[in-house]
Amino acid sequence: MKRRRENPPRPPRFSKAWFLDWGRTVVVVALFFIFGRTFLVATFVIDSGSMEETLLVGDFVLVNKVSLGAPIPFTNSNLPGYAQPEHGDIIVFRADHSPGIDIVKRTVGLPGDTLRMDGGILYRNGVAIDEPYVRRNPRIPDSFDPKMLWQADYLLPELSRDAYQPTRDNWGPITVPEARYFMMGDNRDDSFDSRSWGFVERRKMQGTPLFLYYSYDREALKPFRFLTAIRPGRIGPPPR
């Protein structure tokens with residue numbers, strides 16, 4: 001007959017051994033949380049309207065950091081991912097103009113692509129792109145934007161850089177360099193994106209939206225909007 005193994009007695013509450021036992025548990029849980037947050041998934045809150053109607057202000061998004069390979073902290077490298085950015089992908093990334101801040105936009109240009117916009121229509125490699133997700137506001141006038149003059153360095157060789165006067169809806173053609181991506185918001189007339197601040201480095205891409213786990217209307221005229229203005233119909237896989 002096998003002898004029953006007895007569990008060691010628990011240390012008395014608030015004793016030194018009790019604190020050490022709880023301390024080890026807290027450290028292990030914290031390490032798992034940090035590892036998961038850094039390399040597996042992260043949370044992201046939409047706080048601007050640049051991706052409307054695809055993503056709304058008040059959407060809470062779970063980001064898959066495994067897909068593109070999570071950045072390795074304190075290095076310029078990423079873990080291997082199982083996918084590469086493709087045209088139309090919505091990606092969370094960090095841009096040079098906002099250090100330390102996560103941004104979400106749609107990928108419209110890959111390395112080697114030639115992009116231009118004519119009257120608000122996006123052309124990629126000479127072909128007009130069908131973009132059913134784009135939202136426009138004709139009440140916002142188009143005008144020259146000096147922040148877009150960085151594009152002159154990437155214009156096709158036959159174009160004059162000195163005479164280049166890009167506007168929100170009319171610019172290019174420019175060529176996307178190696179390991180860089182051109183990102184734009186779906187709310188084209190109210191989006192601060194690659195048109196103004198340039199390309200995104202591949203290594204700064206954080207991941208892709210996986211799931212909308214919560215959503216509420218921040219502009220609802222209700223008390224305690226976080227609880228009373230929930231949008232349950234938005235919870236689930238994000239729009240593409």
Before accepting this row, confirm whether a basic side-chain N of the pair [X]/[Y] lies closer than 4.0 Å to the acidic partner's carboxylate O.
| X | Y | answer |
| --- | --- | --- |
| Asp189 | Arg136 | yes |
| Glu131 | Arg106 | no |
| Asp59 | Arg231 | yes |
| Asp145 | Arg168 | no |

request  = Establish, yes or no, whether a centroid distance under 6.0 Å links the rings of Tyr181 and Phe93.
outcome  = no
note = Exactly one candidate in Phe211, Phe44, Tyr214 meets ring pair (Phe, Tyr, Trp, His ring centres under 6.0 Å) with Phe60; the answer is Tyr214
Could you tell me which non-hydrogen atom of [X] sits nearest to which non-hydrogen atom of [Y], and how far apart they are?
| X | Y | answer |
| --- | --- | --- |
| Phe192 | Trp197 | O-NE1, 3.1 Å |
| Thr175 | Phe199 | O-CZ, 3.9 Å |
| Arg188 | Met117 | NH1-CE, 4.0 Å |

task = Please confirm whether the backbone N or O of Glu53 pairs with a side-chain atom of Arg135, one donor and one acceptor, at under 3.5 Å?
result = no
ask   = Arg94 side chain to Lys204 main-chain N or O, any donor-acceptor pair under 3.5 Å?
value = no
ask   = Between Asn187 and Ser50, does any side-chain donor sit less than 3.5 Å from a side-chain acceptor?
value = no
